[in-house]
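Written below as structure tokens is the structure these notes are about.
By convention here, the first residue in the shown sequence is residue 1. Quantities reported herein were computed from a predicted structural model and do not represent experimental measurements.
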Amino acid sequence: MKIIALNTSERKGTQKRPQDSVVLIENHGIEGDAHAGKWHRQISFLGQECITEFNEQGAAVKPGAFGENIIVDGVDFTTLPIGTKVLCNGTEMEITQIGKECHTRCQIYFKMGDCIMPRNGVFAQVNKGGTISVGDTVEIIK
């Protein structure tokens with residue numbers, strides 16, 4: 001399992017922009033990201049396989065389009081229980097929520113009639129900070 005993409009945005013409700021690396025701040029989230037803060041959804045994950053499958057239906061979305069921070073290849077995050085640890089380059093994140101309610105329909109929903117983030121997006125908090133980069137290996141501890 002490895003990181004395929006890292007994405008951040010300065011404002012909520014916007015698509016995130018790709019980054020080569022990001023700094024995780026303990027009990028806060030990704031430095032400079034709009035969703036960072038003292039709450040349980042500091043970081044969002046999506047599995048690459050979910051995005052690939054959605055794109056095969058004609059979505060043509062790019063990394064960050066769902067507002068996700070970290071895309072990982074080789075893991076279905078929705079099968080992992082809350083409390084699962086995600087380790088990467090000395091950092092530790094802990095899964096706190098699977099899926100979310102979509103209060104407002106995004107552009108992807110209007111184009112496709114569906115959006116994967118409400119059911120496939122997984123959220124986490126940062127237990128141990130540090131720097132992670134695209135291509136880093138990810139370890140899952142249940």
Side-chain angles (χ1 to χ4, degrees), residues 1-37 39-82 84-142:
M1 294 173 281
K2 70 176 184 175
I3 294 177
I4 299 301
L6 296 165
N7 310 292
T8 63
S9 64
E10 295 172 1
R11 292 190 342 256
K12 291 183 179 181
T14 61
Q15 290 188 5
K16 296 188 181 289
R17 294 183 318 274
Q19 309 294 327
D20 293 329
S21 62
V22 296
V23 175
L24 302 180
I25 300 170
E26 186 174 324
N27 297 317
H28 184 73
I30 296 176
E31 183 177 65
D33 187 66
H35 291 92
W39 69 320
H40 70 289
R41 290 184 1 202
Q42 297 169 352
I43 292 177
S44 57
F45 289 99
L46 268 176
Q48 177 61 47
E49 292 78 5
C50 293
I51 297 170
T52 299
E53 183 179 304
F54 198 61
N55 278 339
E56 287 171 354
Q57 298 171 26
V61 295
K62 295 181 178 171
F66 296 103
E68 77 283 3
N69 293 117
I70 303 174
I71 300 172
V72 178
D73 189 28
V75 62
D76 179 356
F77 283 101
T78 62
T79 64
L80 303 175
I82 289 174
T84 297
K85 305 289 192 295
V86 181
L87 309 178
C88 181
N89 199 29
T91 68
E92 179 185 295
M93 297 156 277
E94 181 178 338
I95 295 176
T96 57
Q97 182 176 326
I98 299 170
K100 71 174 191 131
E101 185 177 347
C102 188
H103 298 288
T104 59
R105 301 289 186 207
C106 63
Q107 291 177 348
I108 296 167
Y109 181 87
F110 288 119
K111 176 182 176 183
M112 298 295 297
D114 190 19
C115 179
I116 61 174
M117 196 65 180
R119 65 183 174 278
N120 296 111
V122 172
F123 301 89
Q125 65 187 22
V126 179
N127 292 341
K128 183 177 179 191
T131 301
I132 60 174
S133 301
V134 172
D136 283 353
T137 300
V138 172
E139 181 182 359
I140 304 294
I141 308 291
K142 294 182 184 178

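Of the possible donor and acceptor atoms, one in the side chain of Asn89 sits under 3.5 Å from a partner among the backbone N and O of Thr131. No donor-acceptor pair closer than 3.5 Å links the side chain of Thr91 to the backbone N or O of Lys128. Here the side chain of Asn7 pairs a donor or acceptor atom with the backbone of Glu68 at under 3.5 angstrom. With hydrogens and angles ignored, the 3.5 Å screen pairs no side-chain donor or acceptor of Asp136 with any backbone N or O of Cys88. Of the possible polar contacts, one joining the Ser44 side chain to the Asn69 backbone as a donor-acceptor pair under 3.5 Å is found. Between the side chain of Gln42 and the backbone N or O of Asn27, at least one donor-acceptor pair lies under 3.5 Å.
Taking NE2 of His35 as the reference point, atom CZ of Arg11 lies at 12.0 Å (rounded to 0.5 Å). The distance from atom NZ of Lys16 to atom CD of Glu10, rounded to the nearest 0.5 Å, is 10.5 Å. For the atom pair OG1 (Thr84) and CD (Glu94), the distance works out to 8.5 Å, reported to the nearest 0.5 Å. Between atom CE of residue Met93 and atom CD of residue Gln125 there is a gap of 11.5 Å, rounded to the nearest 0.5 Å.
Annotation: side chain of Asp33 is in contact with side chain of Ser9 (closest heavy-atom distance under 4.5 Å). Annotation: side chain of Gln48 is not in contact with side chain of Lys2 (no heavy-atom distance under 4.5 Å). Within the 4.5 Å cutoff, no side-chain heavy atoms of Trp39 are placed close to those of Thr96. The shortest side-chain heavy-atom distance between Ile30 and Leu24 falls under the 4.5 Å cut-off. The side-chain heavy atoms of Ile43 and Phe123, taken from C-beta on, include no pair separated by under 4.5 Å. In this structure, Glu49 and Asp73 have side chains that are in contact, with non-hydrogen atoms separated by less than 4.5 Å. Side-chain atoms of Ile141 and Leu87, non-hydrogen and from C-beta on, do get closer than 4.5 Å to each other.
For the pair Phe45 and Val72, the tightest heavy-atom approach, listed with the atom from each and the gap, is CD2-CG2, 4.3 Å. Counting all heavy atoms, side chain and backbone alike, Ser21 lies closest to Ser133 at CB-OG, 3.1 Å.
With Lys85 as the partner, the side chain to side chain contact (heavy atoms under 4.5 Å, CB included) test is satisfied by one option alone out of Leu80, Asn127, Ile140, Ile95: Asn127. Evaluated for a side chain to side chain contact (heavy atoms under 4.5 Å, CB included) with Val134, the options Ile70, Leu6, Ile71, Val22 yield exactly one hit, Leu6.
Counting non-hydrogen atoms of other residues, nucleotides and ligands closer than 6.0 Å to NZ of Lys142 gives a total of 12 or fewer.
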Could you go step by step and tell me if Ile3 and Val138 meet the side-chain contact (heavy atoms from CB on, under 4.5 Å) rule?
CA-CA 7 Å; Ile3 294 177; Val138 172; 3.7 Å; yes
